[in-house]
Amino acid sequence: QSMSNTQRWSPQLRLREYEASLQHWEANYPHPVYVVESSGASLDWFRSAAPTLEYISLHLNATPPVLGKGHAEFLSIKAAVDRIDEGTCTHFIKVTGRYPLLDFASVLQGVLGGEEEGFEDDISAIFQS
């Protein structure tokens, strides 16, 4: 499917996408991964799909529409940052929840331009919402 087709009408399909993404991060990323769920929904299903990830539940559905989606996104990221141990986390990357970043190592190399060694070891958390 095309990148523009990001809205899913089937709840079962959406859950399968989340499950595959969470399991990907759990299996392939050695650092803490924080999953931020912003609708206030139960996290039981997410925890059963990928039990070693960290979960943060927020209820941001009451965010005034005039503030836009960016405001709720900001609140999600802020909640995650507030939970991180500052002594162990020097960087973070925010990714979407349903779509895993399969070539994460390549993306990091692209960000660095191949010039800096050890940057991947400094990244201590990834957020999904």
Side-chain angles (χ1 to χ4, degrees):
Q1 300 205 14
S2 71
M3 290 292 278
S4 62
N5 186 18
T6 57
Q7 184 157 353
R8 297 284 189 244
W9 299 107
S10 166
Q12 293 80 17
L13 176 58
R14 287 177 56 136
L15 282 177
R16 285 195 306 270
E17 289 172 335
Y18 277 114
E19 180 178 37
S21 180
L22 295 174
Q23 289 174 346
H24 167 78
W25 287 111
E26 185 175 50
N28 295 294
Y29 195 69
H31 302 291
V33 175
Y34 291 80
V35 178
V36 181
E37 199 292 313
S38 60
S39 74
S42 170
L43 295 176
D44 293 343
W45 181 89
F46 291 96
R47 286 187 177 109
S48 68
T52 65
L53 305 183
E54 300 286 334
Y55 293 89
I56 301 170
S57 179
L58 305 171
H59 186 70
L60 300 177
N61 289 339
T63 301
V66 69
L67 296 176
K69 291 181 179 181
H71 186 261
E73 191 72 11
F74 161 74
L75 294 175
S76 294
I77 292 170
K78 183 180 181 324
V81 169
D82 289 346
R83 289 259 315 254
I84 293 175
D85 178 1
E86 293 177 20
T88 61
C89 181
T90 59
H91 299 77
F92 75 87
I93 296 171
K94 192 274 181 201
V95 296
T96 187
R98 288 193 346 237
Y99 310 109
L101 188 54
L102 300 178
D103 61 344
F104 185 66
S106 298
V107 170
L108 279 180
Q109 285 302 320
V111 168
L112 298 173
E115 299 174 11
E116 191 173 333
E117 295 291 325
F119 181 74
E120 183 173 359
D121 292 334
D122 291 338
I123 297 179
S124 299
I126 293 180
F127 303 96
Q128 298 188 358
S129 61

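Side chains included, hydrogens not; waters and symmetry mates left out as well; all remaining heavy atoms used. We number each residue from 1, following the sequence as shown.
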Pairing residues for Asp44 by the salt bridge (charged side-chain N to carboxylate O under 4.0 Å, His left out) criterion, not counting sequence neighbours: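 Not a single residue meets the salt bridge (charged side-chain N to carboxylate O under 4.0 Å, His left out) criterion with Asp44.
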
Honestly curious: do Phe74 and Val36 fall in one hydrophobic cluster under the side-chain, below-4.5 Å linking rule? yes

What residues form a side chain to side chain contact (heavy atoms under 4.5 Å, CB included) with His59, not counting sequence neighbours?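 Asn61.
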
Partners meeting side chain to side chain donor-acceptor pair (under 3.5 Å) with [X] (sequence neighbours left out):
X	answer
His24	Asn28
Ser57	none
Glu26	Thr52

Evaluate the side-chain proximity of Asp82 to Lys78: yes if any heavy-atom separation is below 4.5 Å, no if none is.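 Counting from C-beta outward, Lys78 and Asp82 do come under 4.5 Å.
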
Ignoring hydrogens and angles, tell me if any N or O in the side chain of [X] forms a donor-acceptor pair with the backbone of [Y] under 3.5 Å.
X	Y	result
Glu37	Ser42	no
Ser48	Trp45	yes
Ser76	Ala72	yes

Going by the rule ring-ring contact (aromatic ring centres under 6.0 Å, His included), which residues pair with Tyr55 if we only count those two or more places apart in sequence or in a different chain?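 With neighbours one apart ignored, the set is empty.
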
Using 0.5 Å steps for rounding, measure from the CG atom of Leu15 to the CG atom of Leu22.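 If I round to the nearest 0.5 Å, the distance is 10.0 Å.
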
Approximate separation, where rounding is to 0.5 Å, of Ser10 OG and Arg16 CZ: 6.0 Å

